[in-house]
Peer 1: 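There's a structure below that I have some questions on.
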Amino acid sequence: MYISPPKSPRLSVPSRQSALWHHLQSSIRLLTGSLTMLRTMHRWSEVFIPTLREAPADAEVASHKLLVRAGYIRQLGAGIYSFLFLGNRASQKIIRIVREEMDKIGQEFYLPALNPRDIWEESGRWAVIGESMFRLKDRKGADLCLGFTHEEIMTDIARKELRSYKQLPQIWYQIQTKFRDEPRPKSGLLRVRQFTMKDAYSFDMDAAGLDVSYQKHYETYCRIFDRCGLKYVVIDAHSGAMGGTKSQEFMVRTPAGEDQVVSCEACGYAANMEKATSKVAPVEDLQPEGDGKPLLIHTPGKGAIADVAAFLGIAAEQDIKTVAYMAQSPGAAGKTGAGKTLEQPVIVFLRGDHSVNETKLLTLVKAANVRPMQAEEVEKYFQGPGGFIGPIGLAVRPKELLGEWDAKKWPADDRAATVVLDEGLLGRVNMICGANKLDYHLKNVTPGKDFEYTIAADIRSVNAGEGCPQCGAALGIDTAVEIGHIFKLGYKYSESMGARVLDRNGKEVAPIMGSYGIGIERILTAAIEQSNDANGFWLAPSIAPFDVVVVSTNSGDEKIRTVAEDIAKGLEGAGLDVLLDDRDERPGVKFKDADLIGIPFRINVGKKVTEDLVEVVRRSTLAREDVKISAITEHLSALVRENAG
RNA sequence: CGGGACGUAGCGCAGCCUGGUAGCGCACUUGCUUGGGGUGCAAGGGGUCGCGAGUUCAAAUCUCGCCGUCCCGACCA
């Protein structure tokens, strides 16, 4: 299912209300501003903004290069960054927006980053999470870890404190540092080992209540990202092998991203790669040969699909691709550590030019992981050599045993495998496949007629250009960054950790939970990725470290200097965050720096002061206009307001 | 975890192949100059050449080990 992101609230409400709303916002802004940032006018000559002409050689993606060049961040180690003055200001502004919006629906907590092992044992995740979790020992040798996410800790509070349905629903959130020992930190702030996350958790009596909490988060997230000036899409996401019913991701398209988003421009369908489906164009089947029964053909040394197709003069789409896996049981590393990891054979058939989406497969067969079969396993299940394996002659597990991990219920025939037929093969006839015999393939093979399977399902990855499942138009695939994720958790944690409340009837029930995350630094990164050029980047005033930079183009000129100073003070008085570039530098240097560091508006104070004019430059378009000095405060305030989140 | 590359001044790099005690641009300091898109001139300061062993009269340079960082892949509850 697809839910299109709602329009920004400021676009959908009447202008009078909008003005009122912004008035309130700026009042709040003034209040919180005065609390958290005592000065709103800073002199460049006095603050630390170490801009660089060149990016470090290590940096690859635009946001990384620019964050370093603009003096926002400095690297301490792989995936570990220090935030300097500008970087911290931008982060704090993002956090302020997140907090303002989250406070409308929930309550802010602050949980420990340092967690004892026990609580993670209870949910089973001490073992499940594996190497991604930073672990340490205290002086007594007790195991601790650094928080990775906080479902366990929040659920612990819930189970100790929540007793009655009257206390529900609850939405609790925090803005906290998370630690993940990423196998490969990369792309600047995009994939790091320490980062700031807003994580929220909801507790409801029933699924209907969860729907409400989930929807509140959906709307809140849209407001947050709108206010941050991001262009994003909301996509249906894979909920993970660990359960959960529904989940959606908020994505910003950028080549720097690591996730793939499948979307349709025609109707708005969007989903991530693990969830996306498509309509494939009809394929012309081969004509049967002979009596139409499978026919052995000699294909010496032609194991790979491409080789076979070329050898036989057919297209890969006439071929059945065979992929043989051993699937591994979920939960083997549970809290009791009960049992070893079980494995069962899962064999997939799909069109020769299609590829398996392992995440879809995992979900289908309820496995934690799959690995390719080894040569001797291939021999066992196919009774033929790798490269020439195919569907005929397999022992097939019945559909009832799909996802069955109780080995006692497995078929007596230890060759029996779960056989999955990709839906793309349904209706196809007279295909080519491996014969389970060295150097031989089969012709005239029709799924369902010539071989059985456990189940037919969608387990392939969508390719760009295939038909949208909703409207049939060509699908596109873009890379994107995930900036937020909302997730119906269900009962996983409340059940496993024993959270119970009494319902109306005095009956003990587990609350149903949701969890909802936003990556603070990823908002900054995504914003830069979507708004940059060769000279730098620009942020929405809502998240920029300053609303405006006032450049005195010649600090040696008394008149220019004092006008710049007065303008800066005036803007500060109007509640704007102002950076006054009072350095004794050449104008060119100041313009380059101003363009680099992400500030949305610039005022050039120069020769035209004699005509009572200064120049206002929008960083996003580089459009400039002359404005009367007497009108500058009002002019800038309006500009910031129009573009404010 | 598999594959690849790199590590020399704050940043970007040369020097390494062929061993002889470290250099360029930017940045920084001082002075003059210039003043609307990284001004010009002059004089300066700054480097355990990632770390540790080894070879050698002599190691940034050759050898071995380690550490770190980045890229591709795998992985990403």
Peer 1: Which nucleotide in the list B:G37, B:C70, B:C76 gets nearest to the side chain of A:Arg191?
Peer 2: B:C76
Peer 1: Out of B:A77, B:G36, B:G37, which has the shortest distance to the side chain of A:Arg180?
Peer 2: B:A77
Peer 1: Between B:G10 and B:C76, how far is it from one C1' atom to the other, in whole Å?
Peer 2: 35 Å
Peer 1: Any strand is fair game: report the nucleotide pairing with B:G68 by Watson-Crick or G-U wobble, both distances under 3.5 Å, or none.
Peer 2: B:C6
Peer 1: So A:Tyr218 and A:Phe250, would you call those rings parallel, tilted or perpendicular, with 30° and 60° as cut-offs?
Peer 2: tilted
Peer 1: Look through every strand shown and name the nucleotide pairing with B:G35 as Watson-Crick or G-U wobble, where both distances are under 3.5 Å.
Peer 2: none
Peer 1: Would you classify A:Gly556 as touching base, sugar-phosphate or nothing, given that sugar-phosphate means primed atoms plus P, OP1 and OP2, and contacts are heavy atoms under 4.0 Å?
Peer 2: nothing
Peer 1: Check the distance between B:G36's P and A:Leu613's CG and give it to me in whole angstrom.
Peer 2: 17 Å
Peer 1: Looking at every strand, decide which applies to A:Asn535 at a 4.0 Å heavy-atom threshold: base, sugar-phosphate, or nothing.
Peer 2: nothing
Peer 1: Compare the minimum distances between each of B:A77, B:A74, B:G35 and the side chain of A:Pro183, then state the nucleotide with the smallest one.
Peer 2: B:A74
Peer 1: NA contact type, A:Pro56, heavy-atom cut-off 4.0 Å: base, sugar-phosphate, or nothing?
Peer 2: sugar-phosphate
Peer 1: Give A:Ser132 one of three labels, base, sugar-phosphate or nothing, depending on what nucleic acid heavy atoms sit under 4.0 Å from its own.
Peer 2: nothing
Peer 1: If the C1' atom of B:C62 is compared with that of B:G15, how far apart are they to the nearest Å?
Peer 2: 16 Å
Peer 1: Could you tell me how far B:A53 sits from B:A60 if I compare only their P atoms? Round to whole Å.
Peer 2: 14 Å
Peer 1: Is there a side-chain polar atom (N or O) of A:Gln75 under 4.0 Å from OP1 or OP2 of B:C70?
Peer 2: yes
Peer 1: Go nucleotide by nucleotide along RNA chain B from the 5' end; which of A:Glu615 and A:Glu131 gets its closest nucleotide reached first?
Peer 2: A:Glu131
Peer 1: What nucleic acid atoms does A:Glu182 come within less than 4.0 Å of, heavy atoms only: base, sugar-phosphate, or nothing?
Peer 2: nothing
Peer 1: Would you classify A:Arg74 as touching base, sugar-phosphate or nothing, given that sugar-phosphate means primed atoms plus P, OP1 and OP2, and contacts are heavy atoms under 4.0 Å?
Peer 2: nothing
Peer 1: Quick one about A:Glu152 and A:Asn115 (side-chain donor to acceptor, distance below 3.5 Å, no hydrogens or angles considered), yes or no?
Peer 2: no
Peer 1: What's the CG-C1' distance between A:Asp58 and B:C6, to the nearest Å?
Peer 2: 9 Å
Peer 1: Let's test your reading of the model: under 3.5 Å, does the base of B:G35 pair with the side chain of A:Glu585 as donor and acceptor?
Peer 2: no
Peer 1: In Watson-Crick or G-U wobble terms, both distances under 3.5 Å, what is the partner of B:C1?
Peer 2: B:G73
Peer 1: Does OP1 or OP2 of B:G38 have a side-chain N or O of A:Lys590 closer than 4.0 Å?
Peer 2: no
Peer 1: Could you tell me the Watson-Crick or G-U partner of B:G44, where both distances fall under 3.5 Å? Say none if there is no partner.
Peer 2: B:C28
Peer 1: I want to check something: taking the side chain as every heavy atom from C-beta on, are A:Glu258 and A:Lys186 in contact at a cut-off of under 4.5 Å?
Peer 2: yes
Peer 1: Determine the interatomic distance between C1' on B:C64 and the same-named atom on B:U56; round to the nearest Å.
Peer 2: 16 Å
Peer 1: Nearest to the side chain of A:Phe591, which nucleotide is it out of B:G38, B:U69, B:G36?
Peer 2: B:G36
Peer 1: Give the nucleotide from the list B:G38, B:C70, B:G36 with an atom nearest to the side chain of A:Arg69.
Peer 2: B:G38
Peer 1: Check if the side chain of A:Arg602 and the base of B:G37 share a donor-acceptor pair of N or O atoms closer than 3.5 Å.
Peer 2: yes
Peer 1: Assign the ring pair A:His485 / A:Phe487 to parallel, tilted or perpendicular, where the plane angle (0 to 90°) is split at 30° and 60°.
Peer 2: parallel
Peer 1: Between B:A77 atom P and A:Asp199 atom CG, what is the distance in whole Å?
Peer 2: 16 Å
Peer 1: Please work out if A:Ser515 contacts a base, only the sugar-phosphate, or nothing of the nucleic acid, heavy-atom cut-off 4.0 Å.
Peer 2: nothing
Peer 1: Grab the NE2-P distance between A:His150 and B:A77 for me, whole Å please.
Peer 2: 18 Å
Peer 1: What's A:Asp593 touching, base or sugar-phosphate or nothing? Going by heavy atoms closer than 4.0 Å.
Peer 2: base
Peer 1: Using the ring of A:Phe134 (Phe, Tyr or Trp, six-membered ring only), decide whether A:Arg193 places NZ or CZ under 6.0 Å from its centre and within 45 degrees of its axis.
Peer 2: no
Peer 1: For B:A9 versus B:C41, give the span between their C1' atoms, rounded off to a whole number of Å.
Peer 2: 24 Å
Peer 1: NA contact type, A:Arg583, heavy-atom cut-off 4.0 Å: base, sugar-phosphate, or nothing?
Peer 2: nothing
Peer 1: Just compare B:G36, B:C70, B:G37 and give me whichever is closest to any side-chain atom of A:Ala78.
Peer 2: B:C70
Peer 1: Counting only Watson-Crick or G-U wobble pairs whose two distances fall under 3.5 Å, which nucleotide matches B:A58?
Peer 2: none
Peer 1: Could you tell me how far apart A:Asp584 (CG) and B:G38 (P) are, to the nearest whole angstrom?
Peer 2: 17 Å
Peer 1: Taking atom P of B:C75 as reference, at what distance in whole Å does atom CG of A:Leu362 sit?
Peer 2: 10 Å
Peer 1: The side chain of A:Arg586 lies closest to which of these nucleotides: B:U39, B:U69, B:A27?
Peer 2: B:U39
Peer 1: Going by modelled atom types, is there a donor-acceptor pair between the base of B:G36 and the side chain of A:Asn554 at under 3.5 Å?
Peer 2: no
Peer 1: Could you tell me whether A:Phe537 and A:Tyr72 have their ring centroids closer than 6.0 angstrom?
Peer 2: yes
Peer 1: Expressed as a whole number of Å, how far does the C1' atom of B:C13 sit from that of B:C49?
Peer 2: 14 Å
Peer 1: Looking at B:C75, I'd like to know if its phosphate oxygens (OP1 or OP2) sit under 4.0 Å from a side-chain N or O belonging to A:Arg184.
Peer 2: no
Peer 1: Is there a side-chain contact between A:Lys186 and the phosphate of B:C72, meaning an N or O under 4.0 Å from OP1 or OP2?
Peer 2: yes
Peer 1: Hey, what's the ring geometry for A:Tyr516 with A:His217, parallel, tilted or perpendicular (30° and 60° as the breaks)?
Peer 2: parallel
Peer 1: Between P on B:G36 and NZ on A:Lys592, what's the gap in Å once rounded to a whole number?
Peer 2: 15 Å
Peer 1: In whole angstrom, give me the gap between the P atoms of B:A27 and B:G40.
Peer 2: 9 Å
Peer 1: In whole Å, what separates the C1' atom of B:U48 from that of B:G7?
Peer 2: 15 Å
Peer 1: How long is the line joining NE2 of A:His485 and P of B:A77, in whole Å?
Peer 2: 9 Å
Peer 1: Which listed nucleotide (B:A74, B:G36, B:G12) is nearest to the side chain of A:Ala57?
Peer 2: B:G12
Peer 1: Answer with yes or no whether the side chains of A:Ser263 and A:Arg253 bring together a donor and an acceptor at under 3.5 Å.
Peer 2: yes
Peer 1: State, without any angle test, whether A:Asp593 and A:Thr51 hold a side-chain donor-acceptor pair at a distance under 3.5 Å.
Peer 2: yes
Peer 1: Would you kindly say whether A:Thr553 and A:Asn604 are connected by a side-chain donor-acceptor distance under 3.5 Å?
Peer 2: no
Peer 1: Within less than 4.0 Å of OP1 or OP2 of B:A27, is there a side-chain N or O belonging to A:Arg53?
Peer 2: yes
Peer 1: Within the 4.0 Å heavy-atom criterion, would you say A:Ala55 contacts the bases, only the backbone, or no part of the nucleic acid?
Peer 2: sugar-phosphate
